[in-house]
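Comments concern the structure below.
Letters A, B, ... are given to chains in the order of the sequence lines, protein chains preceding strands, and every chain is numbered from 1. Keep in mind that this is a model prediction, so the values were computed, not measured.
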Amino acid sequence: MLLTVVIFLPLLAAAVLVASPGMSGRSATGLWIAASAADLVLVGWMWWRFEPGTGASGVLDGPAFEADLQWIPTVDAGYHVGVDGLSLPLLALTGVLFLACAVYSLREPDRPRTYAALFLFLQTACVGTFASLDLILFFVFFDLTIVGMYFVIAGWGHGNARRSALTFFLYTFIGSLALLVGFIGLFLGSEERTFDMVALAADPPLADSPVAGGLVLLAIGLGLAVKTPLFPFHTWLPDAHTDAPAAGSAVLAGVLLKLGTYGFVRIAMPILPDAWQRWAMVAVVVGVISVLWGAFVALAQTDVKRMIAYTSVNHMGYVLLGLGAAGLVASADEGARTVATVGAMYQMVSHGLLTGALFLLSGWLWSRGHTYAFEQWGGLARPAPVFAACLAVAAFGSLGLPGLSGFIAEFQVFTGALEAVPVATVIAVVGILVTAGLFLLALQRLLTGDTVAPGGTDPGGEPGAGRAGEGRAPARAGAVSSVATEVPPATGIRDLRGHELLAIVPLLALAVVLGLFPRVLLDVLEPAATAVVELVAR
Amino acid sequence: MTSMSGGTEAWPALLPEGLLLLGAVGGLLLGLWTPQQAQWRVRLLVTAACLASATAGAVAMSRPDERVFEGTWVVDTTTGVVRIVVALGVAVLVWLAAPSVAGHPRETEAYVLMLLGALGSVALAAGGDLLLLVAAYLLASVPLYALAGVAKDAAGTEATMKYYLMGAFAGVLLLVGVAALVLASGTTGYPELAAALPDASPALLALGVLGVLAGVAFKAGAVPVHFWVPDVTAGTTPPMAAYLTTIPKIGAVAAAFRLVAEPFAGLPLDVPLLVAVLATASMTLGNLAAFSQTDVLRLLAYSTVSQVGYLFMVVAVAARTDLAGPALALYLAAYAVTNIGAFAAVAATPAARTITDWVTAAGRHRRLVGSLVVCLLGLVGTPPTAVFVGKLAVFTAAWDGGLAWLVVVAAVNTVASLFYYLRWVAPAFAGVPVAPVPAEGPVGSGARTSAGTRQEVRRSPEAILHAAAVGSVLLGVGAGVWLGVSGAS
Amino acid sequence: MLTDLSGGAIAAVAGLGVLAVAAGVAVFRVDSMARATFALLASFLAVAGVLLAFDLVYLAVVTALMMTIEMAIMAVFMIAFMMNPAGLMPMTMVHNTTGSAVVGAGAFAVLAVGIWTADWPTRSGRRPADSTRQLGEAIMGGHMLVMLVIGIALFATILAGTVLATSRGRYDRFGADLAASRPDDPVPGGLPR
Amino acid sequence: MTAEVVLQIVLTVAAGLIGVGLFGALSQQSIVMVMMGLELVLNGVLLAGGAAWYFLAPELPDAQVLVVVALVVMAVEMAMGFAVTVAIYRARQVDMVDMATDLRG
Amino acid sequence: MTAALAALVLLPAVTGAALLIAGRRADRVAGPAAVGITGVAVVLAALSAAARPSISAPFLGIVDGGDLRLVVDGLSAVLVLLVAGIALLVTVFAVADLPVGAARARFSGFVLLFVAAMLATVTAATLPALLLAWEVMGATSYALIGFRWDEPGKLAAGTRAFVTTRAGDLGLYVAAGAALAATGSLALADLGAADGGWADLAAAGVLVAALGKSAQLPFSAWLSAAMQGPSPVSALLHSATMVAAGGYLLLRMQPLLAGTGWAATTAAWVGALTALVLGAVAVAQTDLKQLLAASTAAQIGFVVLAAGAGATAGGTAHLVGHAAVKAGLFVAAGAWLSALGTKQLAGLRGAARRYPGVGAAATVAALALAGVPPLSLWATKDQVLAGVEGTALTVVGLAAAVLSAVYAGKILAVVLARPTGEEVLDEEEPGTRHVPLPTRVAAGVLAVFAAGLGVLALPAVADALRTVLDAEGEPSPGLGELLLSGGLAVAALALTVLVGRARPAVGMALERSPLAAWAGLGHLLSPRPALAVARVLAAVDDRGIDRVVRGAGTVVRRVAGLAARADDGGIDRAVTAVVAGTRRVAAASARTDDGLVDGAVRGIARAVRRAGDAARRPQTGLLHQYYAQTAAGLGFLLVLLLVVR
């Protein structure tokens with residue numbers, strides 16, 4: 001029941017928002033923040049009550065806060081939700097990120113009521129996906145995230161937002177349909193004809209038909225790979241990110257991408273262990289290619305947001321590397337495979353926090369200058385030291401500096417995966433070097449040198465100028481026609497404002513906490529990862 | 001289970017139909033003494049008849065399946081579903097039509113014809129005999145010709161003419177098919193056919209099956225007898241278009257389902273494949289043709305063609321899997337709710353023909369747009385709307401029936417359908433008029449086009465749109481309840 | 001099994017058949033609609049004759065009578081409405097003749113091939129003493145519901161036909177409130193009130 | 001001559017009627033003439049129905065009822081055809097199917 | 001005493017973090033706080049060294065050795081003392097040296113963080129702990145080098161240092177994986193027991209990591225860039241920390257290296273060659289800090305050589321001695337830079353005479369650097385060389401030792417010379433013409449240690465050291481060797497001074513050689529090859545090696561560019577090309593359309609759209625055509641039904 005409240009509380013708030021047309025923008029955002037905060041508090045309570053490793057943390061051993069209602073009896077699909085070590089961290093991440101986005105959007109000038117309602121709707125969809133223990137329910141929420149994000153990008157994006165939104169929708173929708181086809185395959189392949197994940201994991205379908213199992217895994221993997229996104233299905237990502245509003249990007253990168261990777265851990269691995277073992281090498285290869293491709297392409301970007309977007313491809317590649325290694329049962333012992341899995345799962349949370357913060361920070365650039373082009377900015381550390389500090393912390397976190405959460409993830413992925421796939425891992429390790437280079441380069445370009453801000457805009461402008469100025473702002477950040485002009489230091493650009501700080505700093509603080517005290521998360525993750533690895537090894 | 005009974009004791013089994021007929025006759029009589037501006041009385045009466053019929057139909061579902069009148073009338077889950085959905089659908093559509101026909105001299109007749117058409121649709125679904133099928137076909141067609149042309153303007157009469165001529169042609173084909181089957185078996189009852197047909201000559205059977213299915217497919221608006229759908233939809237008024245694309249289809253798909261499940265089950269022909277090809281052609285052609293439509297009614301018309309394709313998937317596997325029945329029950333109800341909602345959006349601004357017009361007229365009504373988004377995404381099959389659940393059930397059933405390739409085709413088609421729905425959703429949601437679309441087809445330039453004019457949004461269609469949006473979600477979420485009510489689980 | 005039709009009957013059936021088809025062809029060959037109508041009538045009457053040979057007296061009579069009336073109505077209708085009444089102005093009003101011919105011929109060929117290659121079942125059961133009685137019992141018995149539905153369909157046809165074909169209704173005649181004591185008809189008719 | 005051959009002859013006649021009817025329905029421009037073509041097809045159905053009863057299943061009344069139903073269909077469609085023709089003639093002074101082509105695409 | 005160890009690491013770390021968060025508000029308290037904390041750290045280090053505690057904090061799970069474990073053993077004991085001591089002195093110097101108005105809180109914060117990381121590095125007992133400390137050290141060095149970010153090139157230098165050392169760090173990641181694969185544990189102590197291919201991989205990883213951190217060949221160039229940082233940073237980074245960490249790691253991992261059979265030899269040779277090549281580079285420098293940097297790499301080369309050769313005690317002693325020497329020299333260089341505004345040797349002529357306090361300390365340190373008996377490096381170096389087996393290696397080592405005397409002589413010749421008054425001062429910044437007292441104190445203390453740490457090579461002390469380090473039985477240098485090296489050093493020193501006086505052209509020739517530009521090493525592993533190429537072009541004439549490097553750099557860049565372009569274009573364009581023809585026709589309408597972004601999607605969409613138009617074509621509005629199409633469709637279906645059964 002508590003979990004159900006957690007899932008639908010945001011939706012309820014969204015309904016209230018939709019139903020009250022007279023509500024002012026400020027109070028709408030206030031309600032949004034309140035709802036998100038309440039949701040986070042509830043998730044926190046669940047975390048508090050959650051006892052990892054005592055049965056209710058595994059994949060099979062009865063999840064906590066479980067609820068199971070029949071929905072479509074003929075196909076045994078139900079409203080089955082629950083929390084275990086796999087989902088709890090991501091639930092918490094969702095709560096944190098959405099609250100951060102709510103706070104960040106405190107001064108959203110453009111239709112704030114609808115904006116808030118959409119985000120709350122998205123939150124329900126995301127939380128629901130992570131909590132689902134039924135394939136169809138999972139799919140329902142999974143698909144709804146696409147719908148919600150489509151409207152966020154199409155309605156509040158900039159540049160060529162509708163086009164990007166359409167690409168995003170189509171691409172991920174194709175993926176989701178592949179996923180649905182795969183789910184139906186699981187249903188029909190299962191002994192007892194059910195969509196229930198727990199039952200399916202307990203008695204894996206298609207165990208004795210490698211071809212069918214492989215095809216179903218292909219369909220599911222395709223669907224998840226588009227969402228994750230993995231090379232070569234990632235081309236929707238940069239456009240969607242570039243044109244999305246900052247909070248939208250943060251949610252998209254921070255939470256929505258995790259739906260894909262979470263699907264691998266939650267569905268593909270435990271339910272299709274044979275197929276996963278057989279095709280794990282493919283996951284590894286795709287992961288490694290994503291790592292390098294993402295890193296190198298990010299290095300060559302001239303647009304901040306595109307660069308961050310590509311690093312997401314890179315980071316998700318690590319996840320796949322870890323998960324793929326977990327499937328190579330024959331070539332590595334269980335300890336190493338578990339370490340790799342834990343790392344992959346840690347990466348999901350870590351990437352959510354850090355990339356969320358990075359995208360919110362890039363929103364600062366847009367709100368001050370309506371461009372993300374590197375060449376339009378420079379020397380920002382002088383007028384905006386707090387922004388610079390936050391950006392630096394986020395960048396170092398993202399490049400995997402120890403002391404921040406990314407390190408915990410990547411270290412475990414590499415350490416665990418090396419035994420199973422030494423060559424691939426050694427190649428993938430190069431990724432963190434390229435990432436380091438590109439982030440430091442970005443810091444250097446944005447923060448140091450002569451202070452430069454895009455001309456023709458009001459650099460100290462109210463966030464309200466965001467929408468109004470959009471007409472003047474060119475479509476593509478890379479094709480900005482306005483001339484970069486040097487502005488005198490200490491004038492013009494305003495540093496991070498209170499609500500922006502309030503949104504970004506907690507994310508970074510959490511990244512630090514998770515980097516220094518990983519047990520907070522690992523205590524929850526490790527039993528679940530152990531269970532997953534055992535299930536895969538069946 | 002199925003008890004044969006004839007004679008007088010079977011009359012109670014026809015109570016829902018009787019109520020519909022009573023409503024029709026009573027409505028006509030009432031209309032004779034009703035002043036022109038007070039014909040809402042008839043509307044109330046008709047609505048009451050529909051609700052009563054639906055209630056009776058729901059009550060009847062708790063009883064065991066039976067075949068009455070020497071097997072010519074089947075009362076089972078499928079019949080029950082169609083009874084409820086059609087009756088409720090007509091009850092709603094009467095009110096959807098109200099703004100456009102209120103005060104019209106033929107208002108009473110329009111309502112009565114709607115009821116009679118509904119009766120025909122139910123008869124299609126319940127028919128357990130080829131001749132009853134033909135009779136039901138007549139009953140489900142004739143009133144609709146008049147309804148299509150009720151406005152009696154140039155477009156409406158052209159629509160009527162095309163509808164009538166296509167209908168007559170398909171009716172003739174249906175009779176040819178029935179004749180062939182009679183030649184093959186000497187009988188017309190489904191159970192007898194199921195026994196006799198497997199031994200008959202395949203050539204004769206092919207002709208018979210094809211003829212009968214062509215007639216049914218015409219009512220359902222499936223390829224290759226779909227040509228009336230876009231023209232009639234665009235020619236008639238939006239509420240009537242909603243009626244014509246919803247009510248007869250429900251009965252026709254149910255009839256096809258019954259045919260494939262019973263008499264055509266054991267044939268030495270690959271009937272499922274035939275139906276699967278029909279389904280593929282319908283969904284593909286419907287989606288492709290809708291792709292660059294700018295006329296909202298034609299867009300929706302093609303969308304209904306594609307929806308029939310999905311419905312025919314479950315028809316194809318009617319005899320092969322137990323999952324088919326519930327899938328049909330789900331998808332039929334889902335389709336009715338969602339489709340009526342989408343047409344209600346058009347009916348709310350009847351003068352708007354193109355997407356641009358519509359956005360100009362209704363774009364400011366955010367909730368209207370919101371509900372439209374729910375309905376259109378519902379038609380795509382976005383969860384948790386009813387069509388999603390229906391599609392899930394249909395896909396599962398089709399795969400289980402050995403037509404996995406059809407599932408893939410349908411999935412690809414679903415993606416394609418997203419394009420044109422989004423072409424409507426996106427500008428509506430963004431709230432800005434889309435750029436003027438060059439080279440508008442001749443249809444859009446008809447008398448009723450008034451691009452860019454601000455106009456009133458009609459109340460009752462708007463309410464129905466909202467109700468449909470809510471209903472679509474509720475039906476999706478409450479699919480289990482619906483399956484329980486319909487006894488399909 | 002030998003047929004129980006006599007040789008003469010067979011010849012008559014064949015002859016009537018040829019006549020039916022020939023008259024059918026004539027429908028689309030003559031250059032007047034009125035003549036086409038009568039050619040169609042001839043075709044129907046020939047088929048009625050064949051039915052008579054099959055001992056389906058009732059059906060044959062019904063067919064002949066119904067079609068005669070129907071064709072008469074059609075002829076009147078043509079003269080009243082059509083552009084070429086009574087063939088006074090001969091003209092062809094056809095399109096796509098080649099394609100249509102292909103379809104028609106194709107359909108015939110397919111059917112004929114089917115008819116002559118199919119393995120026809122043998123007659124089952126005995127002919128009833130009175131085919132009309134058999135039909136009557138069926139209509140009032142097993143197929144009662146069919147006839148019921150057809151009845152409703154006819155009701156619907158009357159209504160639909162009226163709605164489509166006439167523009168005047170009760171409100172034109174008695175006013176919007178049905179308050180007029182006398183109908184307002186362009187041509188006064190009916191019984192005086 | 002066996003019954004089968006007679007049946008086949010009769011059915012061939014029916015097929016001829018159907019073929020001619022189809023040709024007419026497809027080739028005629030006038031609505032009424034199209035209807036005539038369709039009537040002709042139904043004429044073939046009448047014949048086939050009669051033959052089915054006489055040669056195949058005289059014990060069962062189904063084929064006879066089929067003939068009745070076909071007759072009714074003919075009548076109903078004729079009536080509707082006239083009504084439709086009147087309606088479209090009143091609305092746009094045409095009675096030719098080719099002249100009403102506003103709706104397309 | 002575990003608390004002492006915990007505090008030793010956490011106190012500087014927490015204080016540093018607090019100072020950083022407080023920002024400029026804490027500028028006033030930052031200096032004293034830093035000195036205080038490092039002072040406390042010295043005490044804590046002493047306590048820890050005495051008690052040898054070990055602590056463990058839970059960190060990663062699943063496998064053994066996933067925790068954060070700090071253990072003070074013999075080697076660590078020596079190094080914590082050293083690090084803490086140097087940190088204290090350098091902090092004192094820094095407080096005095098930093099200009100007014102500098103962001104002291106930021107500086108002190110990063111210094112404290114850095115010191116904490118270094119202390120954790122030398123006590124880490126598990127790979128996660130080591131890697132954590134190791135990389136944090138790299139990152140803080142980035143921040144320290146780029147401390148004056150608003151001056152052009154400073155942060156770039158930091159970037160370069162960080163990226164280069166991180167390239168080496170990749171080895172440590174791999175080593176961790178290999179350790180897990182080999183032993184199922186991440187504890188450092190278990191790694192020595194590994195064997196087989198995993199051990200080779202682990203050893204290779206450790207080696208690469210250590211070479212990167214210690215600026216050994218081929219990673220040396222970052223050290224040159226790092227000289228952009230403030231002088232206290234240089235003093236800290238290049239004496240007892242950062243670069244020393246690599247040497248330390250190899251010393252600790254000596255059993256693993258030795259176990260593989262090839263890694264130890266490789267380490268020895270790399271160390272020796274670094275000592276030689278970087279010694280030569282140092283000789284060619286005209287900038288004092290650059291000279292010292294190159295010499296640092298060279299001197300650490302001896303430590304690496306020691307680790308490779310198995311002379312743990314000698315290596316440790318050399319590490320310690322060098323720390324004092326180099327810290328002293330950097331303090332002196334920094335003091336002069338602040339006072340005179342230049343660090344060019346030309347401008348520093350007679351600097352030691354101008355500021356005799358610092359000058360004396362610097363002279364002592366330089367003499368020690370030269371290996372003049374009886375100062376520290378003379379003895380420690382010989383102890384290293386004593387452990388070396390093989391003539392070639394010994395000769396290279398001796399040559400390197402001679403080179404160190406040469407560059408030390410170069411320094412001495414300049415700074416002890418009589419100032420002519422024509423020196424170009426204030427070349428880099430306005431000088432204060434004043435060396436504050438704390439600086440002099442720090443330099444003096446360091447000089448004392450530079451002179452005195454030679455005792456580590458005295459037999460009695462050396463044996464004690466060996467006991468502490470658990471390295472009994474390692475060879476000591478014989479008297480002959482000691483005399484030989486001492487003699488060589490003195491001779492080389494004298495010769496250098498003489499040649500510098502008599503034939504300055506020789507020095508100038510050297511200074512124009514590629515060695516002056518660090519032998520082009522800077523272009524290897526550079527993140528911005530283009531920038532590096534540009535800088536090389538400004539410094540020296542175009543040489544062959546540059547061209548290769550530039551080519552390599554261009555290739556890397558081009559790969560990145562290609563990848564980006566392929567991503568934007570290739571995949572999308574492949575599909576787009578198919579429909580390019582129709583695309584142009586439809587371009588105008590497509591623009592107004594909702595459009596579809598990706599070429600792939602767009603191509604498919606356009607194909608679908610055309611199919612859609614085709615699908616609408618049957619809908620002609622002509623009924624007879626509907627009839628015909630229906631008939632044709634049904635005919636097709638009939639055939640299908642009859643054929644496919």
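Proximity to chain D (any heavy atom under 4.5 Å) is restricted, for C:Val50, to the side chain, taken from C-beta onward. Within the 4.5 angstrom heavy-atom criterion, no atom of C:Ala156 approaches chain D. With a 4.5 angstrom heavy-atom cutoff, C:Arg126 touches chain D only via backbone atoms. Heavy atoms of C:Val102 lying under 4.5 Å from chain D are absent altogether. For C:Thr37, the parts lying under 4.5 angstrom from a heavy atom of chain D are both the backbone and the side chain. Both the backbone and the side chain of C:Ile115 come within contact range of chain D, with heavy atoms under 4.5 Å apart. C:Met147 touches chain D through its side chain: at least one heavy atom from C-beta onward sits under 4.5 Å away, while N, CA, C and O do not. Heavy atoms closer than 4.5 Å to chain D are found in the side chain of C:Ile150, but not in its backbone. For C:Val13, the part sitting under 4.5 Å from any heavy atom of chain D is the side chain, from C-beta outward, and nothing else.
The heavy-atom pair separating D:Leu22 from C:Gly104 by the smallest distance is CB-CA, 4.3 Å.
Legend: ring pair (Phe, Tyr, Trp, His ring centres under 6.0 Å) pairs involving residues 34-61 of chain C, not counting sequence neighbours, sorted by first then second residue: C:Phe54-D:Tyr54, C:Phe54-D:Phe55.
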Pair up each side-chain donor or acceptor in residues 62-80 of chain D with any protein partner under 3.5 Å, not counting sequence neighbours, and list the distances.
from: D:Asp62; atom 1: OD2; to: B:Thr187; atom 2: OG1; distance (Å): 3.1
from: D:Asp62; atom 1: OD2; to: B:Thr188; atom 2: N; distance (Å): 2.8
from: D:Asp62; atom 1: OD2; to: B:Thr188; atom 2: OG1; distance (Å): 2.9
from: D:Gln64; atom 1: NE2; to: C:Ser131; atom 2: O; distance (Å): 2.9
from: D:Gln64; atom 1: NE2; to: C:Gln134; atom 2: OE1; distance (Å): 2.9

